[in-house]
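First comes the structure, then the notes that go with it.
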Amino acid sequence: MDLLTRARRPARQPRGLASHLRDPARVVFLAMFGLVAAGWALVALDGGQFLTLESVVGIQQRSAALGIVAIGQTLAILAGSLDLSVAYLISLTSLVAAEIMAGQDGNAGPAIAAALAISVLVGLVNGLVVTRLQVHAFIATLGVGLIIKGVVDHLYDGPAGKVPEPFQLLGYSRVGPIPVSAMLWAGVAVVAWFLLSRTRLGYRIYAVGGDEEVARLSGIRTSRVIVITHVLCSVCAGIAGLLLAARLGAGAPTVGTDGGYDLESIAAVVLGGTALAGGRGGVAGTVGGVLLLAVLDTLFNQLEVNSFAKDVVRGAVIVIAVAVYARRGTRRVA
């Protein structure tokens, strides 16, 4: 119980600007606003206009799938694990859902249920391989992902199925300036935030990620917590697969891997200040990390920066952010 109490009550921080800069979530949002200001100036010098209504809507739509996957990845990483199978699972769920919808005369219910059931099964396998077979999460989830890839490559040569027009509204319709896909992402983020900050499971996730052995000695069933976080992570990937199927109008065997949702989601989580070792971080920072990457991509597109330079800058931003967080953590310990 003491461990759960410590997880619930973070250490007090000094007030003022310094305390705000010690919170990675606030830092990443400040960095995003700074990037918006810099982008506005750079694009204006180039004779253009940065972040018009159209581009803002585009950012929300493009970042929704990555944001949903990153929320699930946050839960797994906070528990001291991670998931590299999400990209392959996204492709599989998009294909399964689209094929079922095509055979159900537009009825999306069975397709959604099947996609989520497959996601739960994959998450359960990931969690059990990590906890029962004691395989490191990096290897376990990569292996499961490659199995999924093999199945997809064997069964599908290209896009398959057909998504009915009502379900496609999930990918492109909007309420005012806010896309429905962004609302879905916001809903997933709120649920994850509530789980982490207001439930016993959330406190246990932080405890297991902080120190698994201490958590076990405190009476927490650590294996169960890790399995649950993997299941939730896979469910988020399944939701992203459904969203991408709605956007494409069909399932695609490479939609997950082409989008790089495995490494991109981890990058967004780390950029948002969640420690890869687990136990520190949260959903707010992940949302900021996803938005920062989306704004950065939009700026690159408007300035017509080549893809090589994009990858170099994105990589440098992530490395610098992690280095700053690591140094800050070292100073606290000292």
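Between L146 and Y88 the shortest side-chain heavy-atom distance falls below 4.5 Å. No side-chain heavy atom of D262 sits under 4.5 Å from any side-chain heavy atom of T141. Taking the side chain as every heavy atom from C-beta outward, I71 and V283 approach each other to under 4.5 Å. Side-chain contact between L196 and L75 is present, with at least one heavy-atom pair separated by less than 4.5 Å.
Two different hydrophobic clusters hold Y203 and V191 under the rule that ILVMFWY side chains link at heavy-atom gaps under 4.5 Å. Taking hydrophobic clusters as Ile, Leu, Val, Met, Phe, Trp and Tyr residues chained together by side-chain heavy-atom distances below 4.5 Å, V86 does not share a cluster with I147. Linking ILVMFWY residues whenever their side-chain heavy atoms come closer than 4.5 Å, directly or via other members, places L155 and I148 in the same cluster. Linking Ile, Leu, Val, Met, Phe, Trp and Tyr residues whenever their side-chain heavy atoms come within less than 4.5 Å leaves I68 and V57 in two separate clusters. Cluster membership check: L35 shares its hydrophobic cluster with L42, using side-chain heavy-atom separations under 4.5 Å among Ile, Leu, Val, Met, Phe, Trp and Tyr.
Atom CG of residue D258 and atom OG of residue S91 lie 7.5 Å apart, to the nearest 0.5 angstrom. Note that CZ of F167 and CD1 of I112 are 4.5 Å apart. Values are rounded to the nearest 0.5 Å. Distance check, rounded to the nearest 0.5 Å: CG of L66 to CG of L243 gives 11.5 Å. Rounded to the nearest 0.5 angstrom, T274 OG1 and Q73 CD are separated by 10.5 Å. Separating the OH atom in Y206 from the CZ atom in R280 is a distance of 11.0 Å, to the nearest 0.5 Å. The CG atom of L142 sits 10.5 Å away from the CG atom of N126 when rounded to the nearest 0.5 Å.
Not a single donor-acceptor pair under 3.5 Å links the side chain of R174 to the backbone N or O of Q61. For E304 (side chain) and N301 (main-chain N/O), no donor-acceptor pair under 3.5 Å exists by modelled atom type.
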For residues 226-235, which side-chain donor-acceptor pairs fall under 3.5 Å, sequence neighbours excluded?
from : atom 1 : to   : atom 2 : distance (Å)
T229 : OG1    : V225 : O      : 3.4
T229 : OG1    : I226 : O      : 2.7
H230 : NE2    : S81  : OG     : 2.6
S234 : OG     : G123 : N      : 3.3
S234 : OG     : H230 : O      : 3.2

### Message
T286 vs T74, test: side chain to side chain donor-acceptor pair (under 3.5 Å). Steps then yes/no.
### Response
CA-CA 7 Å; T286 297; T74 301; 2.7 Å; yes
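R314 pairs by the salt bridge (Lys or Arg N to Asp or Glu O under 4.0 Å) definition with E264, D297, not counting sequence neighbours.
The side chain to side chain donor-acceptor pair (under 3.5 Å) analysis of residues 157-173, with sequence neighbours excluded, yields no pairs.
Checking L89, I266, I90 one by one against Y261, the side chain to side chain contact (heavy atoms under 4.5 Å, CB included) holds for a single residue, I90.
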